[in-house]
Amino acid sequence: VFQTRDLRKHFGGVRAVDGVSIAVRQGEFRAIIGPNGAGKSTFFNLVTGLLECDLGRVFFQGQDITGTPPHVLYRKRISRTFQITSIFSDLTVQENVQVALLSHDRRTLDLLGRAKTMALRRARELLERVGLEAEWSRTAGVLSHGDQKRLELAVALANDPRLLFLDEPTAGMAAQERFRSIQLIHGIAKELGLTVVFTEHDME
Ligand code: ADP
Ligand code: MG
């Protein structure tokens with residue numbers, strides 16, 4: 001479902017990504033593990049269109065998607081989360097997911113006015129999936145770090161992704177919470193038949 005061939009990105013003398021070839025099959029749950037600075041986020045930024053590759057190709061379902069911009073990849077149902085959590089901190093937990101659902105349905109111009117009533121049921125379902133249903137009315141910015149990560153996951157799932165990239169989904173969590181979070185994500189991936197690639201810096 002996903003493949004890279006000889007992917008390269010250098011920043012001056014820094015060989016952040018230097019000839020990476022990987023292949024991921026439908027429904028696989030794979031990790032890219034390496035210490036800080038290994039090039040994991042750069043790799044994600046290359047395959048999700050945020051950075052231009054120096055060299056190499058990226059394939060999704062056999063189709064060459066090298067250099068395709070992020071919003072087009074999103075329409076192909078490739079979702080991602082960021083190492084530094086990317087949510088709307090001033091909106092409520094539920095509104096964050098509603099906005100993502102509206103965007104998936106190409107109704108972004110309706111955003112906040114109508115978001116209050118639209119996509120409610122689906123938003124609640126997604127929040128339940130990630131274990132945040134009780135927090136739906138809270139302002140996203142006040143959630144704990146781990147809960148913000150789970151919210152970002154719900155937002156990524158709103159696109160009904162075929163391929164999901166999670167950049168350090170357990171960043172900043174304590175060991176116990178890290179383990180639970182990965183179990184949660186793994187359970188969701190299995191249930192939805194998702195193909196997931198995530199990064200982790202903890203070599204252990
Ligand atoms: P990881 O996610 O594995 O911690 P990164 O992909 O963030 O690693 O970084 C890999 C290397 O590339 C690091 O040495 C980092 O400083 C460098 N780097 C990342 N992004 C840039 C950039 N935009 N400009 C210059 N150097 C960068
Ligand atoms: Mg990183």
Requested in this report: Verify the neighbour count for atom CD of Gln183: are there more than 12 heavy atoms of other residues, nucleotides or ligands below 6.0 Å?
Outcome: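 Counting other residues, nucleotides and ligands, CD of Gln183 exceeds 12 neighbours.
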Requested in this report: Please say whether more than 12 non-hydrogen atoms of neighbouring residues, nucleotides or ligands are located less than 6.0 Å from CZ in Phe88.
Outcome: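 Not more than 12 within 6.0 Å, no.
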Please answer whether the main-chain N or O of [Y] pairs with a side-chain N or O of [X] as donor and acceptor at a distance below 3.5 Å.
X	Y	result
Glu135	Leu132	no
Ser181	Arg178	no
Asn45	Leu51	no
Arg77	Asp160	yes
Lys40	Pro35	yes
Thr66	Val58	yes
Thr170	Met173	no
Glu200	Asp202	yes
Thr4	Leu7	no
Thr92	Ser137	no

Polar contact flag, side-chain donor to acceptor under 3.5 angstrom, [X]-[Y]:
X	Y	value
Thr48	Arg80	yes
Asp167	Thr199	yes
Gln83	Ser41	yes

Report task. Would you mind checking if Glu125 and Arg121 are paired as a salt bridge, meaning a charged N to carboxylate O distance below 4.0 Å? Result -> yes
Query - Check ion pair Asp64-Arg57 (N to O, under 4.0 angstrom) - result: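 Answer for the salt bridge query: yes.
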If Ile, Leu, Val, Met, Phe, Trp and Tyr residues are connected whenever their side-chain heavy atoms lie under 4.5 Å apart, and connections chain through other members, are [X] and [Y] in the same group?
X	Y	result
Leu194	Val24	no
Leu153	Leu101	yes
Phe29	Leu157	yes
Leu164	Phe2	no
Ile78	Phe82	no

How many angstroms lie between atom [atom1] of [X] and atom [atom2] of [Y], to the nearest 0.5 angstrom?
X	Y	atom1	atom2	value
Ile32	Phe198	CD1	CZ	10.0 Å
Ile188	Leu184	CD1	CG	4.0 Å
Cys53	Lys9	SG	NZ	7.5 Å
Asp90	Glu95	CG	CD	10.0 Å
Leu151	Asn96	CG	CG	4.5 Å
Tyr74	His71	OH	NE2	12.5 Å

Which atom of [X] lies closest to which atom of [Y], heavy atoms considered:
X	Y	result
Arg25	Glu28	N-OE1, 2.9 Å
Leu127	Val97	CD2-CG2, 3.8 Å
Gly49	Pro70	O-CD, 3.3 Å
Asp6	Gly19	OD1-CA, 3.5 Å
Thr139	Ser89	CG2-O, 3.0 Å
Pro169	Ile182	CG-CD1, 4.2 Å

Query raised in the report: Yes or no on side-chain contact (heavy atoms from CB on, under 4.5 Å) for Arg122 and Arg124, after CA distance, side-chain angles and deciding distance?
Result: CA-CA 5 Å; Arg122 279 162 71 208; Arg124 291 292 177 86; over 6 Å; no
Report task. Among Ile, Leu, Val, Met, Phe, Trp and Tyr joined by side-chain contacts under 4.5 Å, find the other residues sharing a cluster with Ile84 and list them by chain and number. Result ->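 Its cluster partners, ordered by chain and number, are none at all.
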Would you list the atom pairs, donor with acceptor, under 3.5 Å between side chains in residues 10-18 and any protein atom, with sequence neighbours excluded?
unit_1 : atom_1 : unit_2 : atom_2 : d
His10  : NE2    : Asp18  : OD1    : 2.8

Query raised in the report: Heavy-atom distance under 4.5 Å between the side chains of Leu120 and Gln98, does that happen here?
Result: yes
Query raised in the report: Given side chains that start at C-beta, do those of Leu143 and Val93 come closer than 4.5 Å, heavy atoms only?
Result: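 Yes, their side chains come closer than 4.5 Å.
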Report task. May I have the step-by-step check of side-chain contact (heavy atoms from CB on, under 4.5 Å) for Gln61 and Lys76, ending in yes or no? Result -> CA-CA 10 Å; Gln61 296 181 324; Lys76 293 181 185 293; over 6 Å; no
**Report entry** Pair Phe165 and Phe44, ring centroids less than 6.0 Å apart
**Finding:** yes
**Report entry** side-chain contact (heavy atoms from CB on, under 4.5 Å) between Phe60 and Leu163, intermediate numbers included
**Finding:** CA-CA 9 Å; Phe60 172 59; Leu163 179 58; 3.7 Å; yes
Query raised in the report: Could you go step by step and tell me if Val1 and Arg162 meet the side-chain contact (heavy atoms from CB on, under 4.5 Å) rule?
Result: CA-CA 9 Å; Val1 78; Arg162 292 179 181 148; 5.8 Å; no
Report task. With sequence neighbours left out, write down each residue that passes side-chain contact (heavy atoms from CB on, under 4.5 Å) with Thr85, or none if nothing qualifies. Result ->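 Expected list: Ile87, His145, Gln148, Lys149, Glu152.
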